[in-house]
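Owing to the predicted nature of the structure, the values given are computational and were not obtained by experimental measurement. Throughout, protein chains are lettered first and strands after them, A, B, ... in sequence-line order, and every chain is numbered starting at 1.
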2 protein chains.
Amino acid sequence: MTDSSAGLASPDYLVLGMVRLGARSGYEIKRMVELSLRFFWTISPAQIYPSLERLERSGLVVGRPEALGRRRRRAFAITSAGEATLQAWLRKPEPIPFELRDLGLLKLFFADALDKRDALALLRAIERRSRERVAALQAIEPAALATEAQGAAYPLLTLQLGIAFHRAMLEVCREFEPKLSAESAGLRTDATG
Amino acid sequence: MTDSSAGLASPDYLVLGMVRLGARSGYEIKRMVELSLRFFWTISPAQIYPSLERLERSGLVVGRPEALGRRRRRAFAITSAGEATLQAWLRKPEPIPFELRDLGLLKLFFADALDKRDALALLRAIERRSRERVAALQAIEPAALATEAQGAAYPLLTLQLGIAFHRAMLEVCREFEPKLSAESAGLRTDATG
DNA sequence: TTCTCCATGTAAGTAGTTACATGATTGG
DNA sequence: CCAATCATGTAACTACTTACATGGAGAA
């Protein structure tokens, strides 16, 4: 027991989990994240490649050089030790923080500093962002459904969670808007017709 | 025009905005954030105090020593330049990223690696977290209502957004649960009665 | 007197991003 | 031949957290 699973950080588990789901190279991991996880976790190549090395040194993945023509590439696969480590992490009853660090909500919080017209513009910008996010997430839903058909149901669930809470944000914003518009009606904003 | 507003980062605007809302010391800013913004933006004293200094050097806040007995304390107030800078930031039509970096959703994404029983436990843990968050947010709603009565409506709006999307998460999780429970019924989990 | 809260600040460390460097392959 | 994509990696920087240091004031 060398406790090879110690000292892994969240991004390492992300990499490990993506390899488990079939991403074989650092590049494929990056692409898969862009197509799925990126709405609630991002990762950059500068994290992925060192992470793959750490995982390999710990025996959680195995990589072998796999030339595509003369182009270098390493093909990774998860080991049984890797499976066990991933499961242990998923089962660990650690406290799960929830942090948004969202620039939009930060701005909105301070919107009382603006006049009604500018505040409305900010609110609308945040609504637009959520609408666009919903659309983007729905666009990748077919891919998630395909993944589900192959036995992985949770990527679809997390996608639906993303859609659901942007919809919830939209609803609350829309409920709030009339208050604003009513009060600013006297200002005769020009582009409402 | 020395362009004193250049080079401010988001945490600086948070500090500036909090001073505008009446937080007078670094300590009060920290406390106010804990009671309101913390669910979508956090900040530590190690950021607050240097930030206050930067803001003062730029003329966006003024601080004067205000002894409470012999206890040291600096009382800050926003300047008109500070008001203008805050408003300019709020009006700036920059792209607004939305990043969650949520450990719970990261784990859930990979939950297919678990057996049904453990996956259900993880799902329940995430549900519990959202329930607790809703309760915590509702607990500070009276404070936000008081703030609204004093003329700041947006802290309440952002609070309601927080509540709304945790409720949305709960709803999606609850819809998903039966799928899991049905499939794992044959496993005879022991502690369900 | 001791505990908790008020209050300010720094040093060291961790985590993450951006920008860059390199080079092969494919398709127009 | 040029652009886009595939593919791997590093250096430098920025951002943020944790842990610590300091000390007054009020309450038990």
Checklist line | Earlier contact from the 5' end, DNA chain C, for A:S44 and B:E28 | finding: B:E28
Margin query: For C:dG16 and A:T42 - does any side-chain N or O of the residue sit under 4.0 Å from the phosphate oxygens OP1/OP2?
Written below: no
Notebook entry, point to check: Please give, in whole Å, the distance from D:dC16 C1' to B:D12 CG?
Noted result: 13 Å
Check: Between A:R31 and B:I43, which is nearer to the 5' end of DNA chain D once each is assigned its nearest nucleotide?
Finding: A:R31
Check: Using 4.0 Å as the upper bound for N to carboxylate O, is an ion pair formed by B:D102 and B:K107?
Finding: no
Next item on the list: Nearest whole angstrom, please: distance from the C1' of D:dT14 to the CD of A:Q47.
Entry: 14 Å
Margin query: From the set D:dT17, D:dT8, C:dG16, return the single nucleotide nearest to any side-chain atom of A:Y27.
Written below: D:dT8
Next item on the list: Let me know, please, whether A:P45 or B:L52 comes out on the 5' side of the other along DNA chain C by nearest nucleotide.
Entry: B:L52
Notebook entry, point to check: Does A:S25 place a side-chain N or O at less than 4.0 Å from the phosphate oxygens OP1/OP2 of D:dT8?
Noted result: yes
Check: Nearest 0.5 Å, what's the CZ-CD distance between A:F165 and B:E171?
Finding: 14.0 Å
Note to self: Considering every strand and a 4.0 Å limit on heavy-atom distances, what is the contact class for B:P11: base, sugar-phosphate, or nothing?
What the structure shows: sugar-phosphate
Check: Does a side-chain heavy-atom distance below 4.5 Å link A:D118 with B:L90?
Finding: no
Check: A:E99 has an atom CD; how far is it from atom C1' of C:dA15, in whole Å?
Finding: 13 Å
Margin query: Which heavy atom of A:L108 sits nearest to which heavy atom of B:Y154, and what is that distance?
Written below: O-CB, 3.0 Å
Check: Looking only at side-chain N and O atoms, does A:R101 come under 4.0 Å of OP1 or OP2 in C:dG16?
Finding: no
Margin query: Between the side chains of A:E99 and B:R38, is the shortest nitrogen-to-carboxylate-oxygen separation below 4.0 Å, so that they form an ion pair?
Written below: no
Margin query: Output the rounded distance in Å from CZ (A:R54) to P (D:dT10).
Written below: 12 Å
Notebook entry, point to check: A:Y49 has a side chain; which of D:dC16, C:dT17, D:dA7 sits nearest to it?
Noted result: D:dA7
Notebook entry, point to check: How long is the line joining CD1 of A:I48 and C1' of D:dC6, in whole Å?
Noted result: 14 Å
Show each protein N/O and nucleotides 24-26 of chain D N/O combination with a separation under 3.5 Å, one pair to a line.
residue	atom	partner	partner atom	Å
D:dG24	N2	B:R71	NH2	3.1
D:dA25	OP1	B:R70	N	2.5
D:dA25	O4'	B:R71	NH2	2.8

Check: For residues A:T42 and B:R101, is any side-chain donor paired with an opposing acceptor at under 3.5 Å?
Finding: yes
Next item on the list: Counting heavy atoms from C-beta on, name the nucleotide in C:dG16, D:dT8, C:dT17 closest to the side chain of A:R73.
Entry: D:dT8
Check: From C:dT10, C:dT17, D:dT8, pick the nucleotide closest to the side chain of A:A46?
Finding: C:dT17
Notebook entry, point to check: What pair of heavy atoms forms the shortest contact from B:L16 to B:L55, and how long is it?
Noted result: N-CD1, 3.9 Å
Notebook entry, point to check: Between D:dT5 atom P and A:E34 atom CD, what is the distance in whole Å?
Noted result: 14 Å
Check: Starting at CD of A:E66 and ending at C1' of C:dA24, how long is that distance when rounded to a whole Å?
Finding: 15 Å
Checklist line | For atom CG of A:L103 and atom P of D:dA15, their distance in whole Å | finding: 13 Å
Next item on the list: Provide the closest heavy-atom pair for A:K30 versus A:S44 in the form atom of the first, atom of the second, distance.
Entry: NZ-CA, 4.4 Å
